[in-house]
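We're numbering straight along the sequence, starting at 1.
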Amino acid sequence: MERLILCGGGHVSLELAHIAGRLEFELIVIDDRPEFANESRFPMARRVICAPFLEALAELGSREDDYYCLLTRGHVHDRDCLEHVLRGRYAYIGMIGSRAKVAAVKDSLAAAGFAREVLDGVCAPIGLPIGGQTPAEIAVSIAAQLVQVRSRRGPAAVPPPEGEPGVLCTITAKHGSTPRGVGTWMLVRPDGSVLGTIGGGAVEFQAVQEAKALWERGGGVTMTRHYDLSPDAASLGMVCGGSMDVEFIVRRP
């Protein structure tokens with residue numbers, strides 16, 4: 001699953017965080033202010049890091065499928081974060097701010113030796129130009145841009161996390177029209193929370209329930225279930241065609 005890293009825990013970040021979970025990103029929030037970087041404010045985040053921005057970014061490292069939204073409270077923090085991220089790997093960088101602020105930050109980094117074509121790849125001002133003004137409207141424009149960039153890149157081949165307990169549900173076969181392909185995975189954690197997706201909808205809901213039941217039985221269990229997504233599968237509430245097999249593997253500490 002791609003990581004969405006929000007640098008800054010302000011109002012726009014909070015609105016974007018509410019949307020990000022529905023977009024199947026692993027959400028990480030960074031801010032150096034405890035009142036803006038805490039789990040009570042961002043319960044939907046996988047991680048909330050309260051630390052200086054550069055320290056937190058260094059701790060996270062970088063991956064080719066990382067999506068960064070630079071939404072800090074000032075030019076200095078945005079510039080520092082952008083310089084750090086540009087030196088690593090990433091799929092997307094977006095930075096909030098007026099065109100004048102964006103130009104000033106890019107000029108500063110160009111003077112520091114960054115190529116203009118690299119700087120031009122930063123989505124700044126961040127988000128699609130839909131005319132948003134409120135934090136919620138700006139968050140919608142950012143989320144739309146994230147979806148646009150991800151769709152152009154194609155699905156990320158991110159392996160499931162190693163060592164994390166839970167029930168790993170993986171699509172092992174598919175026939176016809178199904179939302180996700182073979183190899184797509186979903187981890188159902190012991191607390192019932194879910195990382196990843198096998199397509200959403202009623203099939204995923206049923207798979208989550210079966211995974212929870214497997215975990216509660218105890219011991220190591222592996223099984224495969226066949227799900228029919230055809231129009232005749234009324235009990236699943238699905239209207240698309242096709243079917244898929246899902247393998248369930250219990251992973252205990």
Glu137 vs Ile130 side-chain heavy atoms within contact, under 4.5 Å: no

Straight-line distance of His75 NE2 to Asp80 CG, nearest 0.5 Å: 13.0 Å

Over all atoms of both residues, closest heavy-atom pair of Asp191 and Ser193: OD1-OG, 2.7 Å

Thr184 side-chain N/O to Ile171 backbone N/O, donor-acceptor pair under 3.5 Å: no

Of Glu39, Glu164, Glu2, the residue whose pairing with Arg46 passes salt bridge (Lys or Arg N to Asp or Glu O under 4.0 Å): Glu164

same_hphob_cluster(Leu60, Leu27) at 4.5 Å side-chain heavy-atom cutoff: no

Shortest non-hydrogen contact between Ala143 and Leu23, atoms and distance: CB-CD1, 3.9 Å

Val203-Phe205 co-clustered via ILVMFWY side chain contacts under 4.5 Å: no

Side chain proximity check, Cys7 to Leu57, heavy atoms < 4.5 angstrom: yes

Same apolar cluster: Tyr67 and Leu70, side chain cutoff 4.5 Å: no

Distance, nearest 0.5 Å, that separates OG1 of Thr222 from CG of Leu168: 10.0 Å

Contact summary for Tyr92 and Val149, nearest pair of heavy atoms: CD1-CG2, 3.8 Å

Main-chain N/O of Gly74 paired with Thr72 side-chain donor or acceptor, under 3.5 Å: yes

Asp65 and Arg63 ion-paired at < 4.0 Å: yes

Over all atoms of both residues, closest heavy-atom pair of Leu6 and Ser13: CD1-O, 3.7 Å

Other residues, nucleotides, ligands: >12 heavy atoms within 6.0 Å of Gln148 CD: yes

CD1-CD1 distance between Ile49 and Ile28, expressed to the nearest 0.5 angstrom: 6.0 Å

Ile126 reachable from Val29 in the ILVMFWY side-chain graph, under 4.5 Å edges: yes

Positive for salt bridge (Lys or Arg N to Asp or Glu O under 4.0 Å) with Arg225, one of Glu210, Glu247, Glu204: Glu210

Derivation of the side chain to side chain contact (heavy atoms under 4.5 Å, CB included) call for Glu15 and Ile138: CA-CA 9 Å; Glu15 295 292 345; Ile138 295 170; over 6 Å; no

Considering all heavy atoms, the nearest Val246-Cys169 contact: CG1-CB, 3.8 Å

Atom pair CD1/CD of Ile5 and Glu26 - distance to nearest 0.5 Å: 8.5 Å

Partner of Leu71 by side chain to side chain contact (heavy atoms under 4.5 Å, CB included), out of Ile30, Asp31, Val12: Val12

Ring-face cation contact, Phe25 with Arg150, 6.0 Å cut, 45° max: yes

Check: Glu35 main-chain N/O paired with Asn38 side-chain donor or acceptor under 3.5 Å: yes

Nearest non-hydrogen partners of Phe248 and Ala207, listed with the distance: CE2-O, 3.4 Å

Geometric cation-pi criterion, Arg252 with Trp215: 6.0 Å, 45°: yes

Side chain Arg41, main chain Gly9, donor-acceptor under 3.5 Å: yes

Approximate separation, where rounding is to 0.5 Å, of His11 NE2 and Leu16 CG: 14.5 Å

Thr224: partners by side-chain hydrogen bond (donor to acceptor under 3.5 Å, both in side chains), with sequence neighbours left out: none

Cluster link Val250 to Met223, ILVMFWY, side chain under 4.5 Å: yes

His84, NE2: over 12 other non-hydrogen atoms inside 6.0 angstrom: yes

For residues 100-115, run the donor-acceptor check on the side chains, cut-off 3.5 Å, and write out each pair with its distance to 0.1 Å, sequence neighbours left out.
from   : atom 1 : to     : atom 2 : distance (Å)
Lys101 : NZ     : Asp78  : OD2    : 2.3
Lys101 : NZ     : Ile96  : O      : 3.0
Lys106 : NZ     : Leu119 : O      : 3.2
Asp107 : OD1    : Arg116 : NH2    : 2.5
Ser108 : OG     : Arg79  : NE     : 2.6
Ser108 : OG     : Arg79  : NH2    : 3.4

Glu64, CD: over 12 other non-hydrogen atoms inside 6.0 angstrom: no

Side chain to side chain contact (heavy atoms under 4.5 Å, CB included) assessment of Ile198 paired with Met244: CA-CA 10 Å; Ile198 57 172; Met244 63 183 184; 4.3 Å; yes

Flag, side chain of Gln145 to backbone of Gly127, donor-acceptor distance under 3.5 Å: yes

Worked check of side chain to side chain contact (heavy atoms under 4.5 Å, CB included) between Lys212 and Val188: CA-CA 7 Å; Lys212 289 179 180 178; Val188 182; 4.2 Å; yes

Glu83 bridged to Arg87 by N-O distance under 4.0 Å: yes

Intermediate values then yes/no, side chain to side chain contact (heavy atoms under 4.5 Å, CB included), Met186 and Thr197: CA-CA 5 Å; Met186 170 181 72; Thr197 180; 5.6 Å; no

Spatial distance of atom CG (Leu86) from atom OH (Tyr68) [nearest 0.5 Å]: 10.5 Å

Close side-chain approach of Cys69 and Leu4, heavy atoms under 4.5 Å: yes

